[in-house]
Amino acid sequence: MTPAVCIGIAVLLMEIRAQYLCIPGRGWKLLIFFTQLSNYMTCISTAALLIATASPLVTALRYLAVCMMVMTFLVTTCVLVPMGGDPKELLWTEPGIYLHIFCPVLTVLSYFLFEHHAGWNLFWLPVTVTLVYGLVMLLLNASRKVDGPYPFFKVHNQSAAATVMWILILTGVISGTAALVILLSA
């Protein structure tokens, strides 16, 4: 069994455990969380990796998952916790430790050490996916169909300038992440 397969199985088991803990409390509302979406993408891409290791589609999915997981880790540790999120809940207990720490770290390590890497032609993929998610969430918040789920989406609780600032910062973070993943894996 290759290291990528071993890590992939471990990630899938942790993802299953995390979803087992998350789904009963929130159900379909989980889909509003970027954390959940990044972890679902990780599940899909990891399963694809275990089935067809070297296809261009798997490489693209893995690149997207890695970038999304890095974004999840960075936003959780550098934005949500400093803005008052409970570090114990988000980082050190189930399911947060799987969703925000173990799965992102293992996914990144597997990608860099054992997998095929994406090229610059896929740079746009995580940037576009993240931007579409963010704009949808802003619209849902503006129309009061969703509250949050993150403070920077709560357009009624902040100025328009703050909303624009968050869009620029988060777009910059995912763009920097996407570029860095390509550069470091070259």
> Does Leu168 sit in a hydrophobic cluster with other residues, and if so which ones, taking ILVMFWY side chains as linked at heavy-atom separations under 4.5 Å, directly or through other members?
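Members alongside Leu168: Val164.
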> Using atom types as modelled and distance alone, determine if a side-chain donor or acceptor of Thr128 lies under 3.5 Å from a backbone N or O of Leu125.
no
> Not counting sequence neighbours, which residues clear side chain to side chain contact (heavy atoms under 4.5 Å, CB included) with Ala142? List them please.
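Ala142: side chain to side chain contact (heavy atoms under 4.5 Å, CB included) contacts with Val155.
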> Is there a side-chain contact between Asn39 and Tyr98 (heavy atoms, below 4.5 Å)?
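Not touching, per the 4.5 Å side-chain cut-off.
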> Can you check whether Leu183 reaches Trp120 side chain to side chain, under 4.5 Å on heavy atoms?
yes
> Among all residues two or more places apart in sequence or in another chain, which pass the salt bridge (charged side-chain N to carboxylate O under 4.0 Å, His left out) test with Asp147?
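Partners of Asp147 by the salt bridge (charged side-chain N to carboxylate O under 4.0 Å, His left out) criterion, ordered by chain and then number, come out as Lys154.
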> Identify, with sequence neighbours excluded, every residue that meets side chain to side chain contact (heavy atoms under 4.5 Å, CB included) alongside Ile167.
Leu138, Thr163, Thr171
> Under 4.5 Å between side-chain heavy atoms, chaining through other members, with only Ile, Leu, Val, Met, Phe, Trp and Tyr counted: pull out the rest of the cluster around Leu99, sorted by chain and number.
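In the cluster with Leu99 there is nothing else; it is isolated.
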> State which residues pass side chain to side chain contact (heavy atoms under 4.5 Å, CB included) with Trp92; sequence neighbours excluded, sorted by chain then number.
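Trp92 satisfies side chain to side chain contact (heavy atoms under 4.5 Å, CB included) with Ile97 only.
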> Does the pair Glu115 and Ser110 meet the rule for a side chain to side chain donor-acceptor pair (under 3.5 Å), with working shown?
CA-CA 7 Å; Glu115 300 175 28; Ser110 178; 2.5 Å; yes
> Suppose we screen for ring-ring contact (aromatic ring centres under 6.0 Å, His included). Which residues come up paired with His116, at least two apart in sequence or across chains?
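ring-ring contact (aromatic ring centres under 6.0 Å, His included) check on His116 returns nothing, list empty.
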> Between Met137 and Ile32, is any pair of side-chain heavy atoms under 4.5 Å apart?
yes
> Answer with yes or no whether the hydrophobic clustering places Leu139 together with Val132; edges join I, L, V, M, F, W, Y residues whose side-chain heavy atoms lie under 4.5 Å apart.
no
> Taking only residues at least two apart or on different chains, which pairs with a member in residues 41-56 satisfy salt bridge (Lys or Arg N to Asp or Glu O under 4.0 Å)?
none
> Indicate, with yes or no, if Tyr111 and Leu113 share a hydrophobic cluster defined by side-chain heavy-atom contacts under 4.5 Å among Ile, Leu, Val, Met, Phe, Trp and Tyr.
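Yes, Leu113 and Tyr111 fall within the same hydrophobic cluster.
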> For a quick test of your reading: what N or O donor-acceptor pairs under 3.5 Å do the side chains of residues 43-51 make, sequence neighbours left out?
unit_1	atom_1	unit_2	atom_2	d
Ser45	OG	Met41	O	3.1
Ser45	OG	Thr42	O	3.2
Ser45	OG	Arg62	NH1	3.1
Thr46	OG1	Thr42	O	2.6
Thr46	OG1	Arg62	NH1	2.9

> Over all heavy atoms of both residues, which pair between Leu140 and Ser143 is shortest? Give the atoms and the distance, please.
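Here Leu140 and Ser143 meet closest at O-OG, 3.2 Å.
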> What residue pairs, at least two apart or across chains, pass ring-ring contact (aromatic ring centres under 6.0 Å, His included) with a residue in residues 153-186?
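Sorted result for residues 153-186: Tyr133-Phe153, Phe152-Trp166.
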> Name the orientation class of the two ring planes belonging to Phe112 and His117 (parallel below 30°, tilted from 30 to 60°, perpendicular beyond 60°).
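Taking His117 first and then Phe112, their aromatic rings sit tilted (interplane angle of 30° to 60°).
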> With a cut-off of 3.5 Å and sequence neighbours excluded, list every side-chain donor-acceptor pair involving residues 3-26.
unit_1	atom_1	unit_2	atom_2	d
Arg17	NE	Glu94	OE2	3.0
Arg17	NH2	Glu94	OE1	2.9
Gln19	OE1	Tyr40	OH	3.0
Gln19	NE2	Gln36	OE1	2.9

> Quick one: side chains of residues 71-88, donor-acceptor pairs under 3.5 Å with protein atoms, not counting sequence neighbours, listed by atom name and distance.
unit_1	atom_1	unit_2	atom_2	d
Thr72	OG1	Ser38	OG	2.7
Thr72	OG1	Met68	O	3.0
Thr76	OG1	Thr72	O	2.8
Thr77	OG1	Phe73	O	2.8
Asp86	OD1	Lys88	N	3.1

> I'd like to check Ile174 versus Leu170 (side-chain heavy atoms, cut-off strictly below 4.5 Å). Are they in contact?
no
